[in-house]
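Each remark here refers to the structure printed beneath this line.
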Amino acid sequence: MPELLPGQTLETKEPVLLVEASAQRPLKPGRMVFQLVVVDDAGNESVADTKEVYVIDNARPTAVLQVPEKVAAGQPIRLDGTASTDIGGQIVRYKWTRLVG
């Protein structure tokens, strides 16, 4: 399926066009505007119909906490969250909590 890029007009014979998205190539959150013009068999063009779509990021990020299994008494403990990920955007804050001990 061809990719519909901003400012590009794509002509098809089919009445449905799928704007592709996947985990590897997600749609960026934000406002998208689409326009449709139809042409009849006499070559007459319709007035354009324009619609807005808001792509929202509602997928939870994945927290990955890496810590050493054992630490000598008196030594600091390094908590590492760098392996955490977010498919639809980027991680902007880390919330650390010490639960026990």
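Sequence positions, counted from 1, serve as the residue numbers for this chain.
Cluster membership for V71 and V67, using ILVMFWY side-chain heavy atoms within less than 4.5 angstrom, is shared.
Inter-residue side-chain proximity for D86 and D57 is flagged as met; some heavy-atom pair is nearer than 4.5 Å. Within the 4.5 Å cutoff, the side chain of V33 has heavy atoms near those of the T50 side chain. Contact annotation: the side chain of E52 never approaches that of M32 to less than 4.5 Å [non-hydrogen atoms, C-beta and beyond]. In this structure, the side chains of L65 and W96 come closer than 4.5 Å at one or more pairs of heavy atoms.
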- Task: Verify side-chain contact (heavy atoms from CB on, under 4.5 Å) between Q66 and V64, making sure each step is shown before the conclusion.
- Result: CA-CA 6 Å; Q66 296 173 321; V64 178; 4.3 Å; yes

For this session: Could you go through the side-chain contact (heavy atoms from CB on, under 4.5 Å) check for V55 and K28 one step at a time?
Result: CA-CA 7 Å; V55 177; K28 291 182 180 179; over 6 Å; no

- Tell me, with the steps shown, if L27 and V19 meet side-chain contact (heavy atoms from CB on, under 4.5 Å). CA-CA 9 Å; L27 296 174; V19 176; 4.2 Å; yes

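Atom CD1 of I91 is surrounded by more than 12 heavy atoms from other residues, nucleotides or ligands within 6.0 Å. Remark: I77 CD1 is loosely packed, at most 12 non-hydrogen atoms of other residues, nucleotides or ligands lying under 6.0 Å away.
Distance check: F34 CZ to L17 CG gives 8.5 Å after rounding to the nearest 0.5 Å. For the atom pair CD of E20 and CG of L4, the computed distance is 11.5 Å after rounding to the nearest 0.5 Å. Atoms CD and OG1, from Q90 and T85 in turn, are 13.0 Å apart once rounded to the nearest 0.5 Å.
Nearest heavy atom pair, residue R78 against residue D80, reads NH1-OD2, 3.1 Å.
Panel note: side chain S46, backbone A48; no donor-acceptor pair is recorded below 3.5 Å.
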